Amino acid sequence: MTETTSTPTPTHRGRTALVTGANKGIGLEIARGLGALGFTVGVGARDADRGATAVATLEADGLDVFLVPLDVADDASVAAAADLLERRGGGLDVLVNNAGITGSMPQEPTVVHLDTLRTVLETNVFGVIRTTNAMLPMLRRSTAARIVNVSSGVGSLARQSAAATDGAAGPVAAAYSPSKTYLNAVMLQYVRELAGTGILVNAACPGYVATDLNGFAGHRTTEQGAATPIRLATLPDDGPTGGFFEDAGVVPW
């Protein structure tokens with residue numbers, strides 16, 4: 001895969017994007033960035049009140065956004081979200097699967113509770129599959145559809161096997177880290193199935209961003225974390241598909 005070096009076009013007016021988990025953190029900044037580029041943005045949020053607050057914040061910035069109540073772990077919620085996008089947005093051009101959880105601790109493989117594994121996979125993997133499949137009929141109608149899965153460098157088997165000392169491998173986490181590895185593997189199956197459709201599917205690592213997901217311990221800002229997902233969401237038609245990217249370039253599998 002080649003590094004993504006293209007610059008987003010100045011405007012994407014008339015196009016609609018959905019960002020899951022967009023009421024805070026990286027998701028909110030992705031929604032803000034896409035809105036600034038002209039997208040109409042569906043702000044996916046499991047908590048309706050927090051979602052409404054996020055929408056009000058983005059609207060105050062002059063952006064064209066609307067609330068999409070969405071729990072990616074619930075079939076009925078995802079189906080209702082797809083229906084809302086069809087009615088309110090008239091379709092969908094970009095899907096950013098950002099919603100994710102770390103799961104409860106501890107996560108050392110010798111002590112992790114199996115219910116923790118199930119809960120993390122339900123959101124981080126099954127939720128992405130559930131949401132993507134519900135949105136695909138609309139994406140297939142788009143002339144420039146893009147799917148971006150917000151993954152993590154801790155899902156890199158290369159980095160995990162190297163036991164990186166610079167923090168790139170993250171802590172020992174038998175639920176969260178493998179969920180991102182699984183997500184990347186599933187993404188490649190979508191790439192294979194959708195080959196020739198013009199739908200570009202890529203994974204983005206936002207880096208170690210200070211969010212409530214990590215107790216705000218990260219050293220990167222949400223704006224920095226949103227940069228790669230936004231770039232992948234606005235790739236030109238000849239852009240890459242099936243890649244795993246971060247700001248510095250390609251993330252090793």
Side-chain angles (χ1 to χ4, degrees), residues 1 15-23 26-27 30-31 34 39-46 68-101 118-152 155 176 178-206 226 228-235 237 239-245:
M1 293 298 161
R15 303 186 68 208
T16 300
L18 169 66
V19 183
T20 69
N23 60 281
I26 298 169
I30 295 171
L34 292 177
F39 282 93
T40 295
V41 182
V43 177
R46 183 174 56 179
V68 180
L70 175 57
D71 180 354
V72 301
D74 181 83
D75 288 342
S77 176
V78 173
D83 182 65
L84 174 60
L85 280 157
E86 186 73 77
R87 290 184 289 105
R88 171 63 172 79
L92 189 65
D93 302 285
V94 169
L95 170 62
V96 181
N97 288 306
N98 168 74
I101 60 173
R118 295 186 183 99
T119 300
V120 171
L121 289 175
E122 185 64 56
T123 294
N124 294 4
V125 180
F126 307 152
V128 171
I129 296 172
R130 180 181 292 111
T131 303
T132 300
N133 289 351
M135 305 303 163
L136 262 175
M138 290 181 284
L139 291 167
R140 287 181 183 275
R141 299 201 309 262
S142 171
T143 58
R146 308 288 181 260
I147 299 173
V148 181
N149 294 336
V150 178
S151 184
S152 172
Y176 180 72
S179 78
K180 295 302 186 177
T181 309
Y182 190 174
L183 175 61
N184 293 344
V186 168
M187 180 199 74
L188 292 177
Q189 304 310 306
Y190 275 103
V191 171
R192 294 177 64 195
E193 181 179 355
L194 296 173
T197 65
I199 302 176
L200 304 183
V201 189
N202 290 286
C205 170
T228 294
I230 291 170
R231 186 165 68 249
L232 294 175
T234 55
L235 286 172
D237 291 342
T241 189
F244 185 13
F245 301 102

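Only heavy atoms go into these numbers, but all of them, side chains included; no hydrogens, no water, no symmetry mates. Please read these numbers as outputs of a predicted model, since none were measured by experiment.
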**Report entry** side chain to side chain contact (heavy atoms under 4.5 Å, CB included) evaluation trace for Thr40 with Arg88
**Finding:** CA-CA 10 Å; Thr40 295; Arg88 171 63 172 79; 4.3 Å; yes

Report task. Could you walk me through whether Asn202 and Val148 pass the side chain to side chain contact (heavy atoms under 4.5 Å, CB included) test, one step at a time? Result -> CA-CA 5 Å; Asn202 290 286; Val148 181; 5.6 Å; no

**Report entry** side chain to side chain contact (heavy atoms under 4.5 Å, CB included) between Ile147 and Tyr190, intermediate numbers included
**Finding:** CA-CA 10 Å; Ile147 299 173; Tyr190 275 103; 5.7 Å; no

Requested in this report: Check the pair Val150 / Asn97 against side chain to side chain contact (heavy atoms under 4.5 Å, CB included), numbers first and verdict last.
Outcome: CA-CA 6 Å; Val150 178; Asn97 288 306; over 6 Å; no

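Of all non-hydrogen atoms in Leu136 and Ile199, the two that sit nearest each other are CD2-CD1, 4.1 Å. Minimum heavy-atom separation, Phe39 to Ala17: CD2-CB, 3.9 Å. Listed here is the closest heavy atom pair of Pro137 and Asn133: CD-O, 3.5 Å. The two residues Leu139 and Ala145 have their closest heavy-atom pair at O-CB, 3.3 Å. Of all the heavy atoms in Pro240 and Phe245, the pair that sits closest is CG-CZ, 3.8 Å. The two residues Ala81 and Pro69 come nearest to each other via the heavy atoms CB-O, 4.0 Å.
Separating the CG atom in Leu85 from the CE atom in Met138 is a distance of 5.0 Å, to the nearest 0.5 Å. Note: Ile129 CD1 to Leu121 CG = 10.0 Å, rounded to the nearest 0.5 Å. Between Thr132 atom OG1 and Asn149 atom CG the span is 6.0 Å, to the nearest 0.5 Å. Of the inter-residue distances, the one linking Thr234 atom OG1 with Leu232 atom CG reads 8.0 Å to the nearest 0.5 angstrom. Atom CG in Asp71 sits 9.0 Å away from atom CD in Glu122 (nearest 0.5 Å). Interatomic distance, OG1 of Thr20 versus CG of Leu95, reported as 7.0 Å (0.5 Å rounding).
Under the 4.5 Å side-chain criterion, counting only non-hydrogen atoms from C-beta, Val128 is not in contact with Val72. No side-chain heavy atom of Val43 sits less than 4.5 Å from a side-chain heavy atom of Val19.
In terms of the salt bridge (charged side-chain N to carboxylate O under 4.0 Å, His left out) criterion, residue partners of Glu86 (sequence neighbours excluded) are, by chain and number, Arg141. Here Arg146 pairs with Asp237 under the salt bridge (charged side-chain N to carboxylate O under 4.0 Å, His left out) rule; sequence neighbours left out.
Between the side chain of Ser179 and the main chain of Tyr176, a donor-acceptor pair closer than 3.5 Å is present. Between the side chain of Asp93 and the backbone N or O of Thr16, at least one donor-acceptor pair lies under 3.5 Å. The closest donor-acceptor contact from the side chain of Thr197 to the backbone of Leu194 lies under 3.5 Å. Using a distance-only test at 3.5 Å, with no hydrogens or angles considered, no donor-acceptor pair links the side chain of Arg46 to the main chain of Ala99. With hydrogens and angles disregarded, no donor-acceptor distance shorter than 3.5 Å links the side chain of Asn124 to the backbone of Gly100.
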Can you give me every donor-acceptor pair (side chain of residues 182-189, partner residue at least two apart or in another chain, under 3.5 Å) with its distance?
{"from": "Asn184", "atom 1": "OD1", "to": "Ser151", "atom 2": "OG", "distance (Å)": "2.8"}
{"from": "Asn184", "atom 1": "ND2", "to": "Lys180", "atom 2": "O", "distance (Å)": "3.4"}
{"from": "Gln189", "atom 1": "OE1", "to": "Arg192", "atom 2": "NH1", "distance (Å)": "3.2"}

